[in-house]
Amino acid sequence: MDLRQLRCFIAVAEEMHFGRAAERLHIAPPALSRMVRTLEEEIGAPLLQRTTRAVTLTKAGLGFLEDAQAILARTEEAARNAREIADSNRMTLRVGAIDSASASILPQAIKLLRDANPTVDIRLTETMTAPQLQMLRTGRLDIALIRPPMTVTEFPFEALRQERLVAILPDTHPLASKSHLTMADLRDQPVIIPAKRARPYAYDLVMAYFASASCVPRIVQETTEKPAMLAMVSADIGIALVPDWVMSLSRPGICYRAITNVELDPQLPGAFVGMAWRPQQKHGLRDDMISALRIVAKTYDPSKIVR
């Protein structure tokens, strides 16, 4: 019996479907089936009841599933503990960050940490919230800079800053002559929005801004990445609403304008950036980074970056 067999059995038991379990594990269904059958032979008892239409757990399978999950969790915990011991000796800090954090408060926080600990090895992973939470859970991250989790997690979450949306316009647009805009100004304008599937937080926030003015955006294009959005605005395809940190990105042919008089009730999770960590982990560098992020978040002011 090995860990691969346990992972295969757990995946089938949780999915109740060999095809979905194989896709989740990135292996071929026949290989998955052989792995589970070999496990059953080694145990000497059937764990799954298979029919042409369904897969169910036997009584033995129900009992074994709980033990298998505990074994796998304990194995991952042992690996995590070993990594933490090794990393504590190397002055290593593993930080995850969404783009909003890595382009706003994180750089100055890293500088503060390096000023106090010149030999620190900071390993940065830039990815979205859900993957970061999984990496935090398995010990591959020490701190995660994320949006508020959509579901309850075992990690504390502390909001660091609330973002506001700003408008990006072609610098030749008639509205560019204004120092600031309202959502009423943007009514009936062609709008480039974040792709809902890839950027659900950003999409919901943009739609909430339009809803606050009781208007529906005239959507002309969806895109996922900020550079592409800026390029489309520069090409005069439409305007866009983006988080305030994007003002740090420059591109010829565009300008940024603040949006005033927007009240969201309730505030959406997508407007907040914060941090999550494992409080049971003893990690001095992680605690120093938490302090640095709090300091930077208090003084960070994207409105000083105006184009």
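The model shown is predicted, which means the values in this text are computed figures rather than measured ones. Residue numbers count from 1 along this sequence. Heavy-atom basis, side chains included; hydrogens, waters and symmetry copies ignored.
Of all heavy-atom pairs between Leu65 and Phe9, the closest is CA-CE2, 3.7 Å.
One hydrophobic cluster holds both Val120 and Val296 under the rule that ILVMFWY side chains link at heavy-atom gaps under 4.5 Å. No single ILVMFWY cluster, assembled from side-chain heavy atoms under 4.5 Å apart, contains both Val216 and Tyr209. Leu145 is not connected to Met128 by any chain of hydrophobic side-chain contacts under 4.5 Å among Ile, Leu, Val, Met, Phe, Trp and Tyr, and they are in different clusters. Residues Met275 and Ile146 do not share a hydrophobic cluster, clusters being chains of Ile/Leu/Val/Met/Phe/Trp/Tyr side chains in contact below 4.5 Å. With hydrophobic clusters built from ILVMFWY side chains whose heavy atoms lie under 4.5 angstrom apart, Leu268 does not share a cluster with Phe272.
Looking at heavy atoms from C-beta onward, Leu48 lies in side-chain contact with Glu40 at the 4.5 angstrom threshold. For the pair Trp277 and Ile290, the minimum side-chain heavy-atom distance is below 4.5 Å. Contact check for Met232 versus Val220: no side-chain heavy atoms found under the 4.5 Å cut-off. Annotation: side chain of Ile193 is not in contact with side chain of Met229 (no heavy-atom distance under 4.5 Å). Looking at Met183 and Ser212, their side chains come closer than 4.5 Å, going by heavy atoms from C-beta outward. Looking only at side-chain heavy atoms (C-beta outward), Thr182 and Val262 stay at 4.5 Å or farther from each other.
Of the possible donor and acceptor atoms, one in the side chain of Thr129 sits under 3.5 Å from a partner among the backbone N and O of Arg147. Between the Arg257 side chain and the Ser179 main chain, no donor and acceptor come within less than 3.5 Å of each other. Using modelled atom types, no side-chain atom of Ser234 and backbone atom of Ile254 make a donor-acceptor pair closer than 3.5 Å. For Asp171 (side chain) and Cys255 (main-chain N/O), no donor-acceptor pair under 3.5 Å exists by modelled atom type. Under a 3.5 Å cut-off, the side chain of Tyr256 and the backbone N or O of Val246 do form a donor-acceptor pair.
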Problem - Pair Gln49-Thr56, side chain to side chain donor-acceptor pair (under 3.5 Å): steps then yes or no - result: CA-CA 5 Å; Gln49 182 78 34; Thr56 58; 5.6 Å; no
task: Mind running side-chain contact (heavy atoms from CB on, under 4.5 Å) on Val95 and Ile122 for me, showing each step along the way?
output: CA-CA 7 Å; Val95 180; Ile122 297 176; 4.1 Å; yes
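Taking OG1 of Thr153 as the start and CD of Gln134 as the end, the distance is 12.0 Å to the nearest 0.5 Å. For the atom pair CG of Leu133 and CG of Leu141, the computed distance is 9.5 Å after rounding to the nearest 0.5 Å. A distance of 7.5 Å separates CG of Asp2 from CD of Glu42, quoted to the nearest 0.5 Å. Atom CD in Gln132 sits 10.0 Å away from atom CD1 in Ile143 (nearest 0.5 Å). Note: Arg187 CZ to Phe210 CZ = 10.0 Å, rounded to the nearest 0.5 Å. Interatomic distance, CG of Leu175 versus CG of Leu186, reported as 6.5 Å (0.5 Å rounding).
Under the salt bridge (Lys or Arg N to Asp or Glu O under 4.0 Å) criterion, Lys178 pairs with Asp185, not counting sequence neighbours. The salt bridge (Lys or Arg N to Asp or Glu O under 4.0 Å) search around Arg218 returns none, not counting sequence neighbours. Remark: Ser291 engages no residue in a side-chain contact (heavy atoms from CB on, under 4.5 Å) (not counting sequence neighbours). Shown here are the side-chain contact (heavy atoms from CB on, under 4.5 Å) partners of Arg161, two or more places apart in sequence or in another chain: Ile105, Glu163, Asp244, Val273, Tyr300, Pro302. With sequence neighbours excluded, no residue satisfies ring-ring contact (aromatic ring centres under 6.0 Å, His included) with Tyr201. Residues satisfying the side-chain contact (heavy atoms from CB on, under 4.5 Å) test with Ser177, not counting sequence neighbours, are none. Evaluation of the salt bridge (Lys or Arg N to Asp or Glu O under 4.0 Å) rule for Asp115 yields Lys111 as partners, not counting sequence neighbours. Partners of Ile295 according to the side-chain contact (heavy atoms from CB on, under 4.5 Å) rule, which considers only residues two or more places apart in sequence or in another chain, are Leu112.
Pairs passing the salt bridge (charged side-chain N to carboxylate O under 4.0 Å, His left out) check and including a residue from residues 286-297, sequence neighbours excluded, read Glu158-Arg294. Contacts classified as salt bridge (charged side-chain N to carboxylate O under 4.0 Å, His left out) and involving residues 64-76 (residues at least two apart or in different chains) are given here: Arg74-Glu77. Contacts classified as side chain to side chain donor-acceptor pair (under 3.5 Å) and involving residues 13-34 (residues at least two apart or in different chains) are given here: Glu14-Arg24, Glu14-Gln69, Glu15-Arg24. Sorted by first and then second residue, the salt bridge (charged side-chain N to carboxylate O under 4.0 Å, His left out) pairs with a member in residues 222-239 read Asp99-Lys226, Arg199-Glu225; sequence neighbours excluded.
Of the residues Ile239, Leu169, Thr260, Val166, the one that meets the side chain to side chain contact (heavy atoms under 4.5 Å, CB included) test with Leu181 is Leu169. Just one residue in the list Ile27, Thr38, Leu3 forms a side chain to side chain contact (heavy atoms under 4.5 Å, CB included) with Cys8, and that residue is Ile27.
Counting non-hydrogen atoms of other residues, nucleotides and ligands closer than 6.0 Å to CZ of Arg4 gives a total of 12 or fewer.
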